[in-house]
Amino acid sequence: MQETTVVVGSLDALREVLATGELLDVTSDTDVVLLPTAAAFLGINEAAIELSVLFEESGAKVEALMIADRASNEEPYFVERIKNADLVVLSDGSALHAKSVWHASPVGDAIRDARHLVAVGSVASLLGEVMIDPRGGAPTTGLGYRSGLAISAPESDEQLSRTRTLLGTEITLAVLGPRGVVYFDGTSWHRASDDVVTTRGHDVVEL
């Protein structure tokens with residue numbers, strides 16, 4: 001599997017990525033670790049099950065690590081599983097909650113160092129050095145796991161306009177719709193579907 005970080009707008013987009021096998025070549029030999037942390041307030045068990053079903057169709061070995069709060073962040077088993085997994089998958093949900101749980105922790109460091117990482121939906125916002133606060137669209141500090149792109153889920157035109165104004169022209173913003181897919185190859189970001197809008201300031205640009 002080529003070293004990569006894949007960001008998808010939804011589970012449906014992830015299903016399509018898995019079906020093509022172009023960005024993620026998941027087989028029966030693939031060890032997949034799921035982190036439904038961001039879904040803690042919405043249903044951590046449900047999120048884990050939904051993700052598990054997608055990967056188990058490929059026969060992959062799948063384990064969900066139920067890390068819902070900071071108390072679990074130094075558990076050696078969790079850290080080692082993330083470090084040794086072939087693929088680490090971050091569920092959709094509250095990016096702000098996931099940020100608070102993973103920030104400056106052994107689990108967070110293991111996620112940062114994952115060679116093959118997938119982020120689903122809103123949680124992808126925290127990956128960058130700049131994160132878009134979903135409560136109003138203002139840029140704030142992300143976890144800095146991947147550089148070169150700020151990521152946002154679709155918001156109202158008014159909120160996205162505010163976000164782009166505050167970001168200015170120095171930072172590229174990618175807004176991923178439900179079918180949106182972007183990926184990072186270790187050096188640069190690339191768009192892999194049409195349901196993605198990338199801008200610098202208010203100008204549309206290409207990745």
Answer whether the closest heavy-atom distance between the side chains of [X] and [Y] falls below 4.5 Å.
| X | Y | value |
| --- | --- | --- |
| V118 | L90 | no |
| H190 | D185 | yes |
| L87 | D31 | no |
| V33 | N84 | no |
| F184 | L207 | no |
| L35 | I111 | yes |
| T198 | L173 | no |

For this session: Check step by step if side chain to side chain contact (heavy atoms under 4.5 Å, CB included) holds for I151 and L126.
Result: CA-CA 8 Å; I151 300 171; L126 62 75; over 6 Å; no
Just to verify, what does [X] make a salt bridge (Lys or Arg N to Asp or Glu O under 4.0 Å) with, not counting sequence neighbours?
| X | result |
| --- | --- |
| D69 | none |
| E75 | none |
| R15 | D12 |

Counting distance only, does the side-chain N/O of [X] pair as donor-acceptor with the main-chain N or O of [Y] below 3.5 Å?
| X | Y | answer |
| --- | --- | --- |
| S125 | S122 | no |
| T27 | D29 | yes |
| S72 | I67 | no |

For this session: Go through the steps to decide whether S91 and V120 satisfy the test side chain to side chain contact (heavy atoms under 4.5 Å, CB included), and finish with yes or no.
Result: CA-CA 5 Å; S91 76; V120 182; 5.7 Å; no
Exercise. Does anything in residues 155-174 pair up under side-chain hydrogen bond (donor to acceptor under 3.5 Å, both in side chains), and if so which pairs, sequence neighbours excluded?
Worked result: R164-T199, T165-H202, T172-R200
Exercise. Picking from V181, D195, V89, what satisfies side chain to side chain contact (heavy atoms under 4.5 Å, CB included) with V8?
Worked result: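 Only match with V8 under side chain to side chain contact (heavy atoms under 4.5 Å, CB included): V181.
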Seminar exercise, completed: The side chain to side chain donor-acceptor pair (under 3.5 Å) partners of S52 (sequence neighbours excluded) come to none
Exercise. So if you build clusters from Ile, Leu, Val, Met, Phe, Trp, Tyr with side-chain heavy-atom gaps below 4.5 Å, do L117 and L65 land together?
Worked result: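 Cluster IDs for L117 and L65 match.
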For this session: Determine whether V101 and L127 fall in the same hydrophobic cluster, where Ile, Leu, Val, Met, Phe, Trp and Tyr are linked whenever their side-chain heavy atoms lie under 4.5 Å apart.
Result: yes
Donor-acceptor list for residues 137-148 side chains, cut-off 3.5 Å, not counting sequence neighbours:
residue: Y145; atom: OH; partner: G108; partner atom: O; Å: 3.2
residue: R146; atom: NE; partner: T5; partner atom: OG1; Å: 2.7
residue: R146; atom: NH1; partner: R112; partner atom: O; Å: 2.8
residue: R146; atom: NH2; partner: A114; partner atom: O; Å: 2.9

